[in-house]
Protein chains: 2
Amino acid sequence: MVKNGQGLGDIMAGKNISDMIEHYLKKILAEDEKIEISRSQIANLFNVVPSQINYVINTRFTIQNGYLVESKRGGGGYIRIEKVNLLDDVDVLDTLIEMIGNQLSLRDSETIVKTLYNSGLISKREANIILAALIPDEVDSNNDLIDIFRANIMISILNHLRYEK
Amino acid sequence: MVKNGQGLGDIMAGKNISDMIEHYLKKILAEDEKIEISRSQIANLFNVVPSQINYVINTRFTIQNGYLVESKRGGGGYIRIEKVNLLDDVDVLDTLIEMIGNQLSLRDSETIVKTLYNSGLISKREANIILAALIPDEVDSNNDLIDIFRANIMISILNHLRYEK
DNA sequence: ATAATAATGGTCAAAAATGGTCAGGGATTA
DNA sequence: TAATCCCTGACCATTTTTGACCATTATTAT
């Protein structure tokens with residue numbers, strides 16, 4: 001009984017299925033720069049459980065690799081993968097992300113925003129918007145939770161600055 | 001047997017019927033800015049149950065999206081959808097702030113950002129930064145709490161934009 | 001007029017159709 | 001042989017689709 005995506009050619013001989021799925025998707029992306037797939041359909045095509053598609057995406061189509069992924073559940077659901085252009089000075093972003101643990105104080109977040117501005121990664125206007133986002137007016141301070149949220153928000157923003165669309 | 005809106009062209013291939021209905025209505029609205037439809041007629045056109053038209057309206061033609069909907073039952077009943085022109089500048093901001101309670105869902109926040117962009121109040125890049133701030137990747141706290149934070153962040157940003165004017 | 005009846009649209013909850021997470025076991029590699 | 005990577009399946013979350021039942025308005029019969 002044929003199993004695990006045999007019959008798709010021998011180019012991938014010796015590699016595992018995840019590699020084959022990755023290869024398959026990237027081949028399409030080489031031409032279209034954006035694809036929309038059905039998770040179950042792809043899983044079916046390669047004879048694997050649907051969640052393996054998530055595994056492939058999580059390990060090989062990360063933003064660090066220059067891929068954006070969006071998805072939608074429910075009827076007519078999909079997974080969309082897009083190849084984006086990574087900027088040159090991603091190092092700054094990586095460094096900053098590393099410095100942020102899972103908590104980020106107000107003071108530190110201001111420093112980071114300043115750094116971003118000085119690096120030319122964001123404009124003054126953008127810096128102010130980010131600051132507004134990081135310091136919501138009347139959230140009761142003095143709470144670890146805020147610092148956790150702030151860290152998450154900051155990291156999310158930094159990741160978005162990696163690429164241009 | 002033809003099913004589910006086939007025959008209306010393949011532009012929408014891969015999307016669900018609700019999306020197609022939305023697309024169909026918005027296409028008309030792009031020219032007329034106000035339409036009056038018969039629920040059962042549209043339902044019939046797309047081969048769906050009438051209540052799906054309500055679903056489409058409730059999820060895609062909300063006031064946050066800039067649409068006003070009125071209807072009348074009984075003989076000669078109708079559903080009227082109107083594209084309302086978003087006010088100007090500060091008014092938009094005030095309106096948006098008012099619409100946000102103390103909680104803000106992900107979906108609604110995306111709509112608001114889209115509105116800001118469509119109103120020309122923010123650039124696409126700024127829109128993306130704001131979205132990144134509103135939708136931190138992996139916050140795993142209590143959901144209500146996230147919505148509360150999101151509301152605060154959004155309001156903070158809106159207020160900031162107002163002062164910049 | 002009034003009361004039935006027909007013609008609409010509205011609500012809501014269940015079912016169906018997707019995709020997501022996570023932890024454990026197996027396979028591969030250093 | 002320990003660490004890492006791959007694969008699987010049980011369970012979860014979200015969005016769409018459907019249908020039974022309800023509400024309102026217009027028309028028709030009495």
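Please read these numbers as outputs of a predicted model, since none were measured by experiment. Every heavy atom of this structure was used, including side-chain atoms; hydrogens, water molecules and symmetry mates were not. All chains are named by letter (A, B, ...) in the order of the sequence lines, taking the proteins before the strands, and each is independently numbered beginning at 1.
- Each of A:Lys72 and B:Gly76 was matched to the nucleotide of DNA chain D holding its nearest heavy atom; the match closer to the 5' end belongs to A:Lys72.
- The side chain of A:Arg73 lies closest to D:dC12, out of D:dC6, D:dC12, C:dG9.
- Regarding B:Asp19, its CG atom lies at a distance of 14 Å from the C1' atom of C:dA17, rounded to whole Å.
- For B:Arg39, whose side chain is taken as the heavy atoms from C-beta onward, the closest listed nucleotide among D:dC6, D:dT16, C:dT11 is C:dT11.
- Rounded to whole Å, atom P of D:dA13 lies 16 Å from atom CG of B:Leu106.
- A:Asn54 and A:Ser51 are not linked by any side-chain donor-acceptor pair at a separation below 3.5 angstrom, with hydrogens and angles left out of the test.
- The distance from atom CD1 of B:Ile57 to atom C1' of D:dT16 is 16 Å, rounded to the nearest whole Å.
- Rounded to whole angstrom, the span from the CD1 atom of B:Ile21 across to the C1' atom of D:dT15 amounts to 14 Å.
- In terms of phosphate contacts, A:Ser71 brings a side-chain nitrogen or oxygen within less than 4.0 Å of OP1 or OP2 of C:dG20.
- B:Phe46 and B:Tyr24 have perpendicular rings, their planes meeting at more than 60° on a 0 to 90° scale where under 30° would count as parallel.
- In this structure, B:Tyr78 reaches the sugar-phosphate backbone alone: every heavy-atom distance under 4.0 Å involves primed, P, OP1 or OP2 atoms, never a base.
- Closest to the A:Tyr55 side chain, of the nucleotides D:dT17, D:dG19, D:dC6, is D:dC6.
- Atom-to-atom distance recorded for A:Asp108:CG and A:Arg150:CZ is 9.5 Å, nearest 0.5 angstrom.
- A side-chain N or O of B:Asn159 and one of B:Arg162 form a donor-acceptor pair less than 3.5 Å apart.
- No hydrogens or angles considered: nothing links the side chains of B:Asn118 and B:Thr115 as a donor-acceptor pair under 3.5 Å.
- Rounding to the nearest 0.5 angstrom, the gap separating the CD1 atom in A:Ile21 from the CD1 atom in A:Ile53 is 4.0 Å.
- In the set D:dC6, D:dT18, D:dT17, the nucleotide with an atom closest to the side chain of B:Val49 is D:dT18.
- Atom-to-atom, CD of A:Gln52 to P of D:dA10 comes out at 16 Å; the value is rounded to the nearest Å.
- Going from atom CZ of B:Arg107 over to atom C1' of D:dT16 covers 11 Å, rounded to whole Å.
- Across all strands shown, A:Arg80 has no heavy atoms under 4.0 Å from either base or sugar-phosphate atoms.
- What separates CD1 of A:Ile37 from C1' of C:dG19 is a distance of 11 Å, to the nearest Å.
- Checked against C:dG19, D:dT18, D:dC6, the side chain of B:Ser51 finds its nearest nucleotide in D:dT18.
- Here the P atom of nucleotide C:dT18 and the CD atom of A:Glu36 are 13 Å apart, to the nearest Å.
- Backbone-only engagement by B:Ile79 is indicated by non-hydrogen atom pairs under 4.0 Å involving sugar-phosphate atoms exclusively.
- Between A:Ser40 and C:dG19 there is a side-chain polar atom (N or O) within less than 4.0 angstrom of OP1 or OP2.
- Closest to the side chain of A:Ile17, out of C:dG19, D:dC7, D:dT15, is D:dC7.
- Here C:dG10 is the nucleotide among C:dG10, D:dG19, D:dT16 with the atom lying nearest to any side-chain atom of B:Asn54.
- Among the atoms of the strands shown, only primed sugar atoms or phosphate atoms (P, OP1, OP2) are found under 4.0 Å from some heavy atom of B:Gly77.
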